[in-house]
Amino acid sequence: MRRARWVIEVQASPGRKQLLPFAALSASYFAHIGFFNPYLPLWLKELGFGLLAISVLTSVQSATRLFAPYAWGWVSDHTGERVRLLRYGATAALALSVALWWPLGGLGLFLVLLLMFSHTSAMMPMSEAAMAHLVSQGGAFDARRYGRVRLWGSVGFLVTVLAAGVWFERHGIGSFPAWTSLSLLAVALSVWWMPDLREAPHTDKQGPSVWPVLRQPAVRWFFVAVFFHVLSHIFIYIFFSLYLDSLGYSKAVIGLLWAVSVVIEIGWFFTQARWLPRLPLTGWLVLVSVAMVLRMLMTAGAAHWLWVLLVAQCLHALTFASHHTACIALLSHHFPGRLRGRGQALYSVLGYGLPGVMGGLGGGLVSQAYGLYTVFWVSAACSLVAVGCAWRLMSHERRRAPPA
């Protein structure tokens, strides 16, 4: 029965030794993201770039997600060589990061970021695809195992977002390129530690197609709901640090506010197997989008009160952590087996690439014309649209579900 496959449960799963390298990659990769994404806008500001130029340069990461994840996912699905591709991507990104140590100008910096992100933006989709194969047994997604691995990514993010905030406050943000290279070195070491797992290659020329899956109404509504939910999140990733800096918050406090959201996220990933079965996955998508509306309204309208921002950041457990796990479980359901890599890649392209580019460029224009706070009102509107799309998805699945 279709509904039975959606059950999230704990089953006989791979041992810790098999999942430990994935935990190391998650920790090192998100340690890199933990300082890079929050402080990249502030480094660009320090270099003298204007708000619109900062928006363009910070959107490069999302722009690479329009093509890189699916291209790498297609290659990994048809060769089975996920780990070797991860090793190549991490090593190439590390080599490219050295260029950030020299003054490049706007165009040079754009090209370096484009090449670097083209190699890193597909790393987590390929890793998630490989790990989903390990933690999915008999068609069910083991949320406990997945959460215990994924929380190490949150730990890595937490360590660097706090440490970098304190370091940059005391020593200035000029050492940003050194942090980039050191964190990417950790990523490269972690992927070279991973066992050389290889799935069976797909020797047939055509293989299974994703188009029959994408023609399903449930899948279309899923991706639309993800698009608007992540679009509302993009404004946090790109403009939150700049917004807080404009309000007079120090870099240490900015790091603290990012860290609060990650601490809550870690708690969610550690205990999510207890909470997820209480709602259907589509019900979680509705709930987290409602929480996102509330979070953005608080951020836009009451950011001068630190305690309000702390409460808003605590909602990250819902708006990101539970949303991410529900999406990965739904992807494992709709894109099993040989479609797994391309399903994860589509999630990156439609869920993070397009929203990232549109949010970065559109948010830059809006904030330049009307002020940074306005992008969070726009974010609240986007998350309200996500509520409607998720509700439509949930209603559609209720009609299709067989009787209990």
Please confirm whether the backbone N or O of V191 pairs with a side-chain atom of R87, one donor and one acceptor, at under 3.5 Å?
yes
Would you say the side-chain atoms of S183 and W179 include a donor-acceptor pair closer than 3.5 Å?
no
Roughly how far apart are R220 CZ and L350 CG, rounded to 0.5 Å?
13.0 Å
Any non-hydrogen side-chain atom of Y237 less than 4.5 Å from a side-chain atom of T58?
no
Considering only heavy atoms from C-beta outward, does the side chain of L285 approach that of L330 to under 4.5 Å?
yes
Go through the side-chain N and O atoms of S289 and W391 and say whether any donor and acceptor fall under 3.5 Å apart.
no
Are side-chain N/O atoms of W192 and T91 paired as donor and acceptor at under 3.5 Å?
yes
Regarding T180 and S97, do their side chains bring together a donor and an acceptor under 3.5 Å, going by distance alone?
no
Quick check: are there more than 12 heavy atoms from other residues, nucleotides or ligands sitting under 6.0 Å from CD of Q368?
yes
Output the distance between atom CZ (R392) and atom SG (C389), rounded to the nearest 0.5 Å.
9.5 Å
Mind checking the OG-CG spacing from S55 to L365? Nearest 0.5 Å is all I need.
7.5 Å
Nearest 0.5 Å, what's the CH2-OG distance between W268 and S154?
12.5 Å
Is I266 close to W152 at the side-chain level, that is, under 4.5 Å between some pair of heavy atoms?
no
Of all heavy-atom pairs between V293 and A380, which one has the smallest distance, and what is that distance?
CG2-O, 4.1 Å
What heavy-atom pair brings C327 and Y347 nearest, and what distance separates the two atoms?
CB-OH, 3.6 Å
Tell me the closest heavy-atom pair linking T319 and A291, and the distance in Å.
CG2-C, 3.8 Å
How about S232 and S383: does a side-chain donor come under 3.5 Å of a side-chain acceptor?
no
So do R295 and I236 actually touch side chain to side chain, heavy atoms under 4.5 Å?
yes
Is the centre of the F35 ring less than 6.0 Å from the centre of the F176 ring?
yes
Report yes or no: do W167 and S175 form a side-chain donor-acceptor pair below 3.5 Å?
yes
If you take all heavy atoms of S322 and V288, which pair is closest and at what distance?
OG-CG1, 3.0 Å
Residue pair S250 / E169, side-chain heavy-atom distance below 4.5 Å:
yes
Check: H324 ring centre within less than 6.0 Å of H229 ring centre
no
Scanning both residues in full, the closest heavy-atom pair of G363 with F235 reads CA-CE2, 3.8 Å
Check for a donor-acceptor pair, side chain of S379 on one end and backbone N or O of M296 on the other, with a separation under 3.5 Å.
no
Beyond-backbone contact of L44 with L109, side-chain heavy atoms, under 4.5 angstrom:
yes
Separation between CZ of F239 and CG of L244, rounded to the nearest 0.5 Å:
13.5 Å
Within a strict 4.5 Å, meaning less than it, do heavy atoms of the I264 and Q313 side chains meet?
no
Pick one: which of W258, W43, F117 meets ring pair (Phe, Tyr, Trp, His ring centres under 6.0 Å) with F36?
F117
Is a side-chain donor or acceptor of Y39 paired with a backbone partner of G165 at a separation under 3.5 angstrom?
yes
Quick check: are there more than 12 heavy atoms from other residues, nucleotides or ligands sitting under 6.0 Å from OH of Y373?
no
So, Y243 versus F376, ring centres under 6.0 angstrom or not?
yes
When you look at T160 and H32, which way does the side-chain hydrogen bond (donor to acceptor under 3.5 Å, both in side chains) test go after all the steps?
CA-CA 7 Å; T160 54; H32 167 69; over 6 Å; no
Correct closest heavy-atom pair for T64 and S118 would be CG2-OG, 3.6 Å
Heavy-atom check, side chain of V253 versus side chain of L306, under 4.5 Å:
yes
Using only atom types and a distance under 3.5 Å, with no angle test, would you say the side chain of H323 pairs donor to acceptor with the backbone of L318?
no
Could you tell me whether the side chain of W284 and the main chain of L276 form a donor-acceptor pair under 3.5 Å?
yes
Where the side chain of S26 meets the backbone of G153, is there a donor-acceptor pair that is under 3.5 Å apart?
yes
